[in-house]
K.L.:
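I'd like to ask some things about the structure below.
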Amino acid sequence: MGKMEEFITKQTCQGANKVFPAPPPLPGPATNCRRKGSLMKNGSAIRGNNCAATATRALWDRLFDGGYKTDVIIKTDNGGIICAHSNILGMASPVLRGMLKQAKGFGHRRPISIHIHGVPQDAVRAFIRFLYSSSYEKEEMKEFVLPLLVMSHTYVVPQLKRVCEQQLEHGLLTIENVVDAFQLSLLCDAPRLTLITHRMIVMTCKAVRETEGWKAMKKSNPALEKELLESMMDEEHERDIMMQKEKNRKSNEQRIYLQLCEAMEALVHIFRDGCRTIGPHDKDLKEHQTPCDYGDCCKGLELLVRHFASCKLRVPGGCIHCKRMWQLLELHSRLCTDSNSCRVPLCRNLKEKIRKQSKKDEVKWKILVKRILRTKRIGGAPIFVSSNSNSSP
């Protein structure tokens, strides 16, 4: 990272302490290269990892590779030299155009010599090649995507910058390079990439903190490390809150399903065995009965049944208490395995009604029944099988 930071002159990390907004949308397909290498232009597809027609690209590639009448020498690290054409460099990059004009002012020497240091020579060569034909090799992009991002920003080549951002977003961003990519996104004014890399760092914090990129950042930019650690702590806290909420939600659901299970069993108990003041027509209720196993649930159901029997509205939706009773009766009919001999009122009638329900309502009821059965594990339980008159209490 040290050489790349020197390479980007007059750039600061002021944006590191800001909260970035949602990333802007990517440019439309008519102005950038797609990941799979296809671009729609004038209604026809252009193949390959490029933004130019195949024949045109091949022509520009030959011009670059052959070095025909080159007039610029680009010097790189370790004494490397790349030959190029000033007209092409000047047209592709306003920064290179300014460098060429400045070099021409010193004695009009030929060829013109400029310097690009801080990145590997092969990365510089891939960069210059893109200026010629708007194309790149996949392996070169995979190996030099970060240096290419730096050069595209420094020399103002927005087309290449978009390509680098897309390639990082769609596969080239890894645990090993995400910290470097995050720092470069701040230096290179790439807010979308900043958001993506920041999110990846926070979500994979344990693995990222073991990488060489993190260790280098810790030495060179401790303030940024502190900010990321705070983000990780906030994310972990938020994750814990979400997990607790999910745990509470499941616990509440479990409690509701258990209550419904108890209500179903109590309903069968009331109409099969009788309890308190309500029972089957062929059974006499004693004045003083021992308390049943369902306690308050049975008492509440008894009051609800009495209201249901005397309410003049009684239609679903007309009375909230009657609506609740209708729902309990329908739920029972879906759980009951022998509606023909069941003592619970309307059990068989509701079975017939269920067959005519809409698929949307049917799906909701099936989910509820499945969850109740799973909660209590009452599939085929005796309380539903033996809800007829032949069963003993």
K.L.:
Can you give me the closest heavy-atom contact between I270 and E302, atom names plus distance?
P.N.:
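It is CD1-N, 4.2 Å.
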K.L.:
Show the nearest heavy-atom pair for residues D61 and S133, with the distance to one decimal.
P.N.:
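Heavy-atom minimum between the residues: OD1-OG, 2.8 Å.
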K.L.:
Checking S251 side chain against K247 main chain: does a donor-acceptor pair fall under 3.5 Å?
P.N.:
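Flag not set: sc S251 to bb K247 has no pair under 3.5 Å.
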K.L.:
When you compare the side chain of L329 with that of L350, does any pair of heavy atoms fall below 4.5 Å?
P.N.:
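When only atoms from C-beta onward are counted, L329 and L350 do touch, with a gap below 4.5 Å.
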K.L.:
Run the ring-centre check on F127 versus Y155 and record whether the distance is less than 6.0 Å.
P.N.:
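Yes, the ring of F127 comes within the 6.0 Å limit of the ring of Y155, centre to centre.
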K.L.:
Verify whether the ring centers belonging to H85 and Y132 lie closer than 6.0 Å.
P.N.:
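When the ring centroids of H85 and Y132 are compared, they turn out to be within the sub-6.0 Å range.
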K.L.:
Could you check whether any side-chain heavy atom of L89 comes within less than 4.5 Å of a side-chain heavy atom of I128, counting everything from C-beta outward?
P.N.:
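Heavy-atom side-chain distance check passes, below 4.5 Å.
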K.L.:
With rounding to the nearest 0.5 Å, note down the distance linking CD1 in I81 to CD1 in I74.
P.N.:
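Between atom CD1 of I81 and atom CD1 of I74 there are 11.0 Å.
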K.L.:
What distance separates M233 CE from E238 CD, expressed to the nearest 0.5 Å?
P.N.:
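The distance works out to 14.0 Å.
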K.L.:
Would one find more than 12 heavy atoms of other residues, nucleotides or ligands at under 6.0 Å from atom NZ of K75?
P.N.:
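Open: at most 12 neighbouring heavy atoms sit under 6.0 Å from NZ of K75.
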K.L.:
Nearest heavy-atom pair of V163 and M141: which atoms, and what distance?
P.N.:
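Answer, listing the atom of V163 first, then M141: CG1-CE, 3.8 Å.
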K.L.:
Using a 4.5 Å cut-off on heavy atoms from C-beta on, say whether the side chain of V157 contacts that of L131.
P.N.:
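Yes, side chains in contact.
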K.L.:
Quick one: does H153's side chain get under 4.5 Å of L149's, heavy atoms only?
P.N.:
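Side-chain contact under 4.5 Å: no.
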K.L.:
For N248, I'd like to know if atom CG has over 12 heavy atoms of other residues, nucleotides or ligands within 6.0 Å.
P.N.:
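Count over threshold, so yes.
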K.L.:
Let me confirm one number: the CG-CH2 distance from L346 to W326, rounded to the nearest 0.5 Å.
P.N.:
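Atom-to-atom, L346:CG and W326:CH2 are 5.0 Å apart.
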K.L.:
Do M203 and W214 belong together in a cluster built from hydrophobic side chains that touch within less than 4.5 Å?
P.N.:
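They do not share one cluster, since no chain of ILVMFWY contacts under 4.5 Å joins M203 to W214.
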K.L.:
Before giving the answer on side-chain contact (heavy atoms from CB on, under 4.5 Å), spell out for H307 and C322 the whole-Å C-alpha distance, their side-chain angles and the decisive distance to 0.1 Å.
P.N.:
CA-CA 8 Å; H307 169 83; C322 292; 3.7 Å; yes
K.L.:
Please examine the side chains of L146 and V150, heavy atoms only from C-beta on, and report whether any two atoms are closer than 4.5 Å.
P.N.:
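In short, these two side chains do not touch, never coming nearer than 4.5 Å.
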K.L.:
Testing the basics here: between A263 and L301, what is the closest heavy-atom pair and its distance to 0.1 Å?
P.N.:
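Smallest interatomic distance, heavy atoms only, reads O-CD1, 3.4 Å.
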K.L.:
What do the steps show when you test L96 against V156 for side-chain contact (heavy atoms from CB on, under 4.5 Å), and what is the final call?
P.N.:
CA-CA 9 Å; L96 288 175; V156 192; over 6 Å; no
K.L.:
Are Q167 and L148 close enough, and set up right, to give a side-chain contact (heavy atoms from CB on, under 4.5 Å), and what steps lead you there?
P.N.:
CA-CA 11 Å; Q167 291 296 314; L148 288 173; over 6 Å; no
K.L.:
Let me confirm one number: the CG-CZ distance from L59 to R62, rounded to the nearest 0.5 Å.
P.N.:
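Going from the CG atom of L59 to the CZ atom of R62 covers 5.5 Å.
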K.L.:
Would you say D234 and S231 are linked by a side-chain donor-acceptor pair, where the criterion is simply a distance under 3.5 Å?
P.N.:
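Looking only at side-chain atoms, D234 and S231 do not form any donor-acceptor pair under 3.5 Å.
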K.L.:
Quick test of your reading of the model: are D65 and R125 salt-bridged, counting only N-O distances below 4.0 Å?
P.N.:
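Looking at D65 and R125, the cut-off is met.
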K.L.:
With heavy-atom distances below 4.5 Å as the criterion, would you say the side chains of Y136 and R129 are in contact?
P.N.:
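No, side chains not in contact.
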K.L.:
Say whether, by atom type as modelled, one donor and one acceptor occur between the side chain of H269 and the main chain of E265 under 3.5 angstrom.
P.N.:
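A pair under 3.5 Å: no.
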K.L.:
When rounded to the nearest 0.5 angstrom, what is the spacing between CD in Q327 and CZ in R324?
P.N.:
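Answer for the CD-CZ pair, Q327 versus R324, is 8.5 Å.
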K.L.:
Answer yes or no: are there more than 12 heavy-atom neighbours, outside K215 itself, under 6.0 Å from its atom NZ?
P.N.:
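Yes.
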K.L.:
Verify the distance criterion only: is there a donor paired with an acceptor across the side chains of H117 and T76 at less than 3.5 Å?
P.N.:
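Absent: no donor and acceptor within the cut-off.
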K.L.:
Can you confirm whether S134 sits close enough to R57 that some side-chain heavy atom of one is under 4.5 Å from a side-chain heavy atom of the other?
P.N.:
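With C-beta onward as the side chain, the pair stays apart.
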K.L.:
Once you round to the nearest 0.5 Å, how far does CZ of R162 lie from OG of S152?
P.N.:
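Spacing of CZ (R162) from OG (S152) equals 10.0 Å.
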K.L.:
Look at the side chain of K161 and the backbone N and O of A190, then say whether any donor-acceptor pair between them is shorter than 3.5 Å.
P.N.:
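No; zero donor-acceptor contacts below 3.5 Å.
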K.L.:
How about R334: does its CZ atom have over 12 heavy atoms from other parts shown lying under 6.0 Å from it?
P.N.:
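Enclosed: over 12 neighbouring heavy atoms sit under 6.0 Å from CZ of R334.
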K.L.:
Which pair of heavy atoms, one from Q183 and one from G213, lies closest together, and at what distance?
P.N.:
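Q183 and G213 have their closest heavy atoms at NE2-O, 4.5 Å.
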K.L.:
If hydrophobic clusters are built by linking Ile, Leu, Val, Met, Phe, Trp and Tyr wherever their side-chain heavy atoms come under 4.5 Å apart, do L368 and I256 end up in the same one?
P.N.:
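Hydrophobic grouping puts L368 with I256.
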K.L.:
Identify the two heavy atoms, one from M151 and one from I116, that lie closest to each other, and give their separation to 0.1 Å.
P.N.:
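Scanning both residues, the minimum pair turns out to be SD-CG2, 4.3 Å.
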K.L.:
Are P120 and F144 side-chain neighbours, meaning at least one heavy-atom pair lies under 4.5 Å?
P.N.:
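Yes, close enough: below the 4.5 Å cut-off.
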K.L.:
Does I73 share a hydrophobic cluster with L63, counting links as ILVMFWY side-chain heavy atoms below 4.5 Å and allowing steps through other members?
P.N.:
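No, it is not one cluster - the side chains of I73 and L63 are not joined through contacts under 4.5 Å.
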K.L.:
Kindly say whether P111 contributes a backbone atom to a donor-acceptor pair with the side chain of D71 at under 3.5 angstrom?
P.N.:
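Not confirmed, D71 side chain does not pair with P111 backbone.
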K.L.:
Salt bridge check: are K206 and E210 linked by an N-O gap of less than 4.0 Å?
P.N.:
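No, this pair does not count.
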K.L.:
Looking at R249 and E246, is there a salt bridge between them, counting it only when a charged N and a carboxylate O are closer than 4.0 Å?
P.N.:
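So E246 pairs with R249 through a salt bridge.
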K.L.:
Checking E225 against N221: is there a side-chain donor and acceptor pair closer than 3.5 Å?
P.N.:
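Looking only at side-chain atoms, E225 and N221 do not form any donor-acceptor pair under 3.5 Å.
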K.L.:
Passes side-chain contact (heavy atoms from CB on, under 4.5 Å), V208 versus V202? Steps please.
P.N.:
CA-CA 9 Å; V208 168; V202 171; over 6 Å; no
